[in-house]
Number of protein chains: 2
Amino acid sequence: MPATPAPQSPPPAPGRPPGRRLPGGPVLQDSVTEAIAAAFFEELAATGYARLSLEAVAKRAGAGKAAIYRRWASKLEMTVDLVSAVAVDASGPADTGSLRGDVLAFLAEVAHALNQPLAARIIPDLIAEGGRTPELAEALFTAVRDTRRGKATRLLDRAVDRGELPAAVDRELALDLLAGPLYWRLAVVHTPTAPDHLDRLADKLVAAFRA
Amino acid sequence: MPATPAPQSPPPAPGRPPGRRLPGGPVLQDSVTEAIAAAFFEELAATGYARLSLEAVAKRAGAGKAAIYRRWASKLEMTVDLVSAVAVDASGPADTGSLRGDVLAFLAEVAHALNQPLAARIIPDLIAEGGRTPELAEALFTAVRDTRRGKATRLLDRAVDRGELPAAVDRELALDLLAGPLYWRLAVVHTPTAPDHLDRLADKLVAAFRA
DNA sequence: TCGAGACGGAACGGTTCCGTCTCGTCTATG
DNA sequence: CATAGACGAGACGGAACCGTTCCGTCTCGA
């Protein structure tokens, strides 16, 4: 019974950090665990969550099915755990000194994420699946939506502090405007973007915030 | 000439219009066909395209599987056909006399569509599936995206004619701004909307277009 | 009246996947 | 060096669907 805490074992570390069965925190130190995680995301992009088969994940990872079941109890648990793990980055606040600069930095970050081919396929799929699987929706919300939401809110707060926006700026709308158009273009309609696309979008958004 | 051409048959109608096997045009006169279509969309909303089982559709419709296979050759063909059928409405141009009025009317139409519970579940699912199934993506594009795109383009043209926008208005960005924020809010993040939400959004969008 | 054909229903063999379990191998600790 | 434990591989029974085929019934138009 390796993975589970093994309450009686001697003082030092119980071997090397194994995976774990219950949610609580991503691990991934294991090379087998890493291979499984990579295979999981590739399979997720190719097949979609609904049709994703743990058998295919195991085969792609060059692992046995037992290696997966030793780490997670189910496909849903595995998904929640791995998705939460990758979304934790949260990264820097990106204070560029001006509202337009901050907006542009935010857009560039979103665009960069959505231009990853794997992410562009996986994210819409998980969002759609979240409509059917509340646990998955919650994991997405706390890991992704709330993180971005926090960044965008701080972006607006800084602009208010600088006097670039009135204190009463409509934050709800601003958040939708920051995320919506890019998501729509890159993840829904798959339209190519001109090199200065983000620049022009940033101009429009700043104008909208000030309205 | 509803069903197959039936080149030799006498002048009058050959019975009643049956479904048909190949794409080309929605029919749906049949009561059985209607029941199947309704069951299909309910099942699609509940299960998602990937897991949708024609057996379940037949059961929900109170029909036999043979009744489905008599009309469509596969799940994909059925989906393309039925989705194209519902999206054809296209509706009126909605010229309200002002840019802001037109924008608001456009937003209201989008919001109304996305507030249908079935649509709100089905659309993100089909979009995600479209990333994996080119035929489905194409059906969605020609039936939905191009229709909306045309409406939005005419909306901008009218504003240019009125002198409300410069002729060089950035149509690409405007289209993303019209669709993206609402789609983001209603279909991705599922956030409730205040009663005056569309009004305030329309103000922001008009300001953005003019920037 | 009678035949054509669509109907609901049920069963068919063939896949695919699940979650469990058993092999024999490899490796690292003690 | 011995051995415990994780490993890859894959067989297993059970379940769900697929797409097809067959019933026996019912409703038409000829």
Side-chain angles (χ1 to χ4, degrees), chain A residues 1-6 8-21 27-40 43-44 46-79 133, chain B residues 2-4 6 8-21 27-40 43-44 46-79 133:
Chain A
M1 190 236 298
T4 49
Q8 89 304 2
S9 75
R16 76 185 144 172
R20 99 239 63 94
R21 293 194 145 268
V27 173
L28 292 191
Q29 286 103 345
D30 216 289
S31 82
V32 174
T33 305
E34 278 173 28
I36 292 174
F40 169 81
E43 201 67 24
L44 187 56
T47 312
Y49 179 86
R51 280 236 152 91
L52 180 130
S53 132
L54 296 189
E55 235 158 45
V57 171
K59 173 177 268 189
R60 192 190 280 262
K65 281 202 284 178
I68 292 179
Y69 282 100
R70 228 172 272 130
R71 289 167 172 77
W72 298 280
S74 67
K75 178 164 93 173
L76 176 59
E77 210 172 85
M78 178 180 184
T79 306
T133 312
Chain B
T4 50
Q8 88 307 3
S9 76
R16 81 183 140 170
R20 100 241 61 97
R21 292 195 144 263
V27 174
L28 291 192
Q29 285 101 346
D30 215 290
S31 82
V32 174
T33 306
E34 278 172 28
I36 292 174
F40 169 80
E43 201 67 24
L44 187 55
T47 312
Y49 178 86
R51 280 235 153 92
L52 180 129
S53 132
L54 296 189
E55 235 158 49
V57 172
K59 173 176 268 186
R60 192 191 280 260
K65 277 203 285 178
I68 293 179
Y69 282 100
R70 228 173 273 129
R71 288 168 172 76
W72 299 279
S74 68
K75 178 165 93 172
L76 175 58
E77 211 171 85
M78 177 180 185
T79 306
T133 312

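Labels below follow one simple rule: chain letters A, B, ... track the order of the sequence lines, proteins then strands, and each chain is numbered from 1. The shown structure was predicted, so the numbers you read here are calculated from the model rather than taken from an experiment.
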Q. With sequence neighbours left out, which residue pairs that include part of residues 49-58 of chain A fulfil the side-chain hydrogen bond (donor to acceptor under 3.5 Å, both in side chains) condition?
A. Glu55(A)-Lys65(A)
(Q) With rounding to the nearest 0.5 angstrom, report the OG1 to CZ distance, Thr33(B) to Arg71(B). (A) 3.5 Å
Q. What residues form a side chain to side chain donor-acceptor pair (under 3.5 Å) with Thr133(B), not counting sequence neighbours?
A. Glu129(B)
Q: Write down the distance between CD1 (Ile36(B)) and C1' (dG9(C)), rounded to a whole number of angstrom.
A: 14 Å
Q. side-chain contact (heavy atoms from CB on, under 4.5 Å) between Phe40(A) and Ile68(A): does it pass, once the steps are laid out?
A. CA-CA 10 Å; Phe40(A) 169 81; Ile68(A) 292 179; over 6 Å; no
Q: May I have the distance from Arg71(A) (atom CZ) to dG5(D) (atom C1'), rounded to whole angstrom?
A: 13 Å
Q: Mind running a 4.0 Å heavy-atom check of residues 57-64 of chain A against DNA chain C and sending the residues that fall below it, in number order?
A: none
Q: Find out whether Ile36(A) and Trp72(A) are in side-chain contact, i.e. whether some heavy atom of one side chain is under 4.5 Å from a heavy atom of the other.
A: yes
**Q.** Sequence-aligned protein contact record of nucleotides 12-27 of chain C, with B where the base is within under 4.0 Å of a protein heavy atom and S where only the sugar-phosphate is
**A.** -----BBBBB------
Q: Rounded off to whole Å, could you give me the CD1-to-P distance for the Ile68(A) and dC7(D) pair?
A: 11 Å
**Q.** Those residues that, when tested against Thr47(A), pass side chain to side chain donor-acceptor pair (under 3.5 Å) (two or more places apart)
**A.** Glu43(A)
Q: Indicate the atoms forming the closest heavy-atom contact of Ala50(B) with Ala50(A), along with that distance.
A: CB-CB, 3.6 Å
